[in-house]
Engineer: 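The structure's right below; bear with me while I get my questions together.
The first residue of the sequence shown is numbered 1, and numbering continues consecutively from there. Both ligands and their constituent atoms are indexed starting at 1 by order of listing.
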Amino acid sequence: MTVSDLKNQISNLIKIQEFDYQIYSLSAKKADKPQEIKRLSDAFELKKQNLVLLEKQSLEIQKQRKEKELELAANAEGIKKLSGQLFSLKTNKEFQTMQQQIADAKADGSVIEERILVSFEEADKIKAQIDSENIKLKEEEKIYLQQKKDVESSVKEIDDQLVQLETQRKQIIPEIDPKIFQEYERILSSREGLAIVPVEHNSCGGCHMLVPPQVINLIKMYSHIITCEVCNRILYIRE
Ligand SMILES: [Zn+2]
């Protein structure tokens, strides 16, 4: 390969590298998007926790009320039974004792009734909280869905750009010697999307390690492709 051939090859590699670096960066950006959506969805799920808690409380109140209602029915049944026995008693003392028992049972019943009333008030309060939480969540859901849509459309934009870049890079490939191109692609895939880098201030533009003067001289000779001794990227010097 003549000096001008190699110069030409390197200039084509620089051209294709510009596209490939954009492709690499955009692909990395795209690869982050599913996680971004997951983060949004997790944050939204977390906002539902309060509602879940309130609904649990509401069910617990209903369950406790059912128990109290059963208790009240049993209490009423007991009072009925005692009242029925009242007039079959023989002594005045027995009569008074049973009357006291009935009064005590009625007092217990009032306490249970009071508890049931309170539980209705509590249920109303929770219901109001659930309603307002639902309204809040509807708003949150709207925001979440919009954010998700934005991320999805940015993925689509990236895809469109990638198709364009791929088309542009394909046009350069026939201009590059197949062996050199193979080497370039090998480095590209193992070196974060950068296969050919300029020497700047006597350092490699990829790994920033010093490039020895004799290597710089070799690059200037254009007799063959020179790579960085540290990161193996192809080196060139800006004209
Ligand atoms: Zn290097």
Engineer: With side chains defined as the heavy atoms from C-beta onward, is the minimum distance between Leu6 and Ser223 less than 4.5 Å?
Structural biologist: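 No, their side chains stay 4.5 Å or more apart.
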Engineer: Show, in sequence, the C-alpha distance, side-chain angles and deciding distance for Glu113 and Lys68, and conclude whether the salt bridge (charged side-chain N to carboxylate O under 4.0 Å, His left out) test is met.
Structural biologist: CA-CA 8 Å; Glu113 268 176 346; Lys68 287 290 164 196; over 6 Å; no
Engineer: Is it the case that atom OH in Tyr144 sees more than 12 heavy atoms from other parts of the structure closer than 6.0 Å?
Structural biologist: yes
Engineer: Is any side-chain heavy atom of Phe95 closer than 4.5 Å to one of Lys90?
Structural biologist: no
Engineer: Could you tell me if the side chain of Met1 sits less than 4.5 Å from the side chain of Ile180, heavy atoms only?
Structural biologist: yes
Engineer: Show all protein N/O/S atoms under 2.8 Å from the Zn ion (ligand 1), or state that there are none.
Structural biologist: Cys204 SG, Cys207 SG, Cys228 SG, Cys231 SG
Engineer: Under the salt bridge (charged side-chain N to carboxylate O under 4.0 Å, His left out) test, which residues partner Asp20, sequence neighbours left out?
Structural biologist: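 Applying salt bridge (charged side-chain N to carboxylate O under 4.0 Å, His left out) to Asp20 gives Arg169.
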